[in-house]
Amino acid sequence: MATDLSTRYLGLELAHPVMASASPLTGSLDSLLALQDAGASAVVLPSLFEEQVEHDYLSLGSHFDDEAAFNPEAHGGFFPALDDYNTGADQYLSVLTAAKNELSIPVIASLNGTSEGGWTHYASTLEAEGADALELNIYHLAADSDLTGEEVETRYLRLVEQVRSEISIPLAVKIGPFFSSPSNMVRRLEAAGADGVVLFNRFYQPDIDLETLDIAPNLQLSSPAEMRLVLRWVGIIFGRVGIDLAATTGVHDAEGVVKLVLAGASVAMLASALLHHGPDHLRSIIAGVGEWFDERGYKSLDQARGSVSQRSVADPSAYERANYMRTLTSYQAQ
Ligand SMILES: Cc1cc2nc3c(=O)[nH]c(=O)nc-3n(C[C@H](O)[C@H](O)[C@H](O)COP(=O)(O)O)c2cc1C
């Protein structure tokens with residue numbers, strides 16, 4: 001009998017664990033439909049950025065004789081009242097509405113920001129427009145050397161608490177890997193109200209243009225080798241928290257998805273591989289995942305999930321420092 005690939009993520013029942021992550025491919029109805037046709041079990045829309053919301057908010061503020069409009073801390077009733085205004089945020093809503101009307105798979109909206117403030121009220125607008133869940137991408141670069149690690153973490157937690165208080169749909173938090181104690185951070189995100197975490201945000205590194213001496217943004221798609229970092233932390237964190245783990249970065253093929261599920265992921269998300277090969281690439285990945293589990297006689301994905309996590313493997317140190325020593329030594333012995 002074929003393996004039951006169904007999985008639960010953020011309380012959503014998904015046919016299998018292969019999702020489309022936020023990228024330009026999830027930003028238009030045509031490509032969203034192509035992703036659904038190719039078999040994506042759910043989609044995450046591109047992020048609406050704090051800066052976009054604040055920009056709309058402040059430029060509108062100059063037209064209103066309303067003090068609240070100038071106060072980024074202001075809460076209550078302002079954003080929903082702007083529904084008819086033609087703004088960047090409005091365009092976001094039109095994609096969300098179209099996606100909800102035309103797609104049968106779950107649609108997860110995404111907000112991307114770093115600070116507490118009035119902009120987070122937009123989460124409730126996304127909920128009202130029918131988003132099945134919200135992904136909050138906290139893309140914060142702690143460049144200020146006065147800021148301690150504890151202060152950075154507190155900032156994350158406050159933001160999560162604030163967004164959580166705006167909505168009742170499930171909330172996933174997408175974070176980067178640069179915490180002193182990622183496991184502890186995920187536990188605290190759970191306590192702050194997250195229903196899931198998306199590991200890990202891929203930070204885009206600046207480059208220097210040697211002709212102009214400018215800092216050049218230079219986006220490169222991921223490579224499969226980048227998945228290792230995610231695999232390690234999914235494997236370590238699985239079983240230590242009660243919330244769902246989603247994996248992103250470096251997932252390019254069926255083998256990658258299988259490994260992440262074995263480590264403990266509820267879902268694996270793809271962006272770079274789909275941008276490179278197109279939405280149809282999903283078909284072979286989904287088929288490959290099914291074949292791998294079928295051939296080994298797994299009844300369900302639940303049976304496999306976390307079976308190679310740190311808490312289940314015979315040698316848990318393989319996820320930790322001992323493995324580092326062994327890896328270096330084995331290379332010298334080659
Ligand atoms: C062109 C591009 C645009 C992206 N836009 C977003 C975005 O709006 N919000 C977000 O949370 N992630 C965004 N991402 C990150 C992806 O969702 C994904 O987490 C990251 O690319 C790592 O996965 P991958 O290795 O499959 O590409 C973007 C990635 C790319 C390549």
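All values below come from the heavy atoms of this structure, side chains included, with hydrogens, waters and symmetry mates left out. Counting starts at 1 for both ligands and their atoms, following the listed order.
Residue contact check: Asn137 has heavy atoms under 4.0 Å from atoms 10 (C), 11 (O), 12 (N) of ligand 1. When each atom of ligand 1 is checked for a heavy atom of Lys174 under 4.0 Å away, the hits are 10 (C), 11 (O), 12 (N), 15 (C), 16 (C), 17 (O), 18 (C), 19 (O). Counting the atoms of ligand 1 from 1 in the order shown, those under 4.0 Å from a heavy atom of Tyr204 are 15 (C), 21 (O), 28 (C), 29 (C), 30 (C), 31 (C). Residue contact check: Leu275 has heavy atoms under 4.0 Å from atoms 31 (C) of ligand 1. Near Leu270, the atoms of ligand 1 lying under 4.0 angstrom from a non-hydrogen atom of the residue are 26 (O). Below 4.0 Å from some heavy atom of Ser222 lie the following atoms of ligand 1, by number and element: 24 (P), 25 (O), 27 (O). For ligand 1 and Gly250, the ligand atoms under 4.0 Å from any heavy atom of the residue are 24 (P), 25 (O). Below 4.0 Å from some heavy atom of Pro46 lie the following atoms of ligand 1, by number and element: 8 (O).
At the top of the distance list for atom 9 (N) of ligand 1, counting protein heavy atoms only, stands Ser47 OG, 2.6 Å. The protein heavy atom nearest to atom 23 (O) of ligand 1 is Thr248 OG1, 3.2 Å. Closest to atom 26 (O) of ligand 1 among all protein heavy atoms lies Ala271 N, 2.9 Å.
Note: no N/O pair closer than 3.5 Å links Asn201 and ligand 1 by distance alone. Looking at ligand 1, you won't find any N or O of His252 less than 3.5 Å from one of its N or O atoms. The N/O atoms of Ser272, backbone and side chain alike, include one that comes under 3.5 Å of an N/O atom in ligand 1.
Taking the six-membered ring for Trp and the full ring otherwise, the centers of Phe178 and Phe200 sit at least 6.0 Å from each other.
Ion pairing of Lys259 with Asp253 is absent here, as no side-chain N (NZ or NE/NH1/NH2) approaches a carboxylate O to less than 4.0 Å. Here Arg202 pairs with Glu226 in a salt bridge; the nearest charged N to carboxylate O distance falls below 4.0 Å. By the 4.0 Å N-to-carboxylate-O rule, Lys100 lies close enough to Asp132 to be salt-bridged with it.
At distances below 3.5 Å, not a single donor-acceptor pair connects side-chain atoms of His276 with backbone N or O atoms of Ser222. Proximity of a side-chain donor or acceptor of Tyr92 to a complementary backbone N or O of Leu126 within less than 3.5 Å is not detected. Using modelled atom types, one side-chain atom of Thr148 and one backbone atom of Glu151 make a donor-acceptor pair closer than 3.5 Å. Of the possible donor and acceptor atoms, none in the side chain of Thr7 sits under 3.5 Å from a partner among the backbone N and O of His16. One N or O on the side chain of Glu127 and one on the backbone of Ile169 form a donor-acceptor pair closer than 3.5 Å. In this structure a side-chain-to-backbone donor-acceptor pair under 3.5 Å is present from Glu190 to Gly242.
At a heavy-atom cutoff of 4.0 Å, ligand 1 is contacted by no atom of Leu274, backbone or side chain. Contacts of Glu226 with ligand 1, taken as heavy-atom pairs under 4.0 Å, are absent altogether.
Between Ala22, Pro24, Ala247, it is Ala22 that holds the heavy atom closest to atom 13 (C) of ligand 1.
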Arg188 and Glu150: CA distance, side-chain angles, deciding distance, salt bridge (Lys or Arg N to Asp or Glu O under 4.0 Å) verdict: CA-CA 12 Å; Arg188 292 163 75 200; Glu150 182 59 33; 3.3 Å; yes
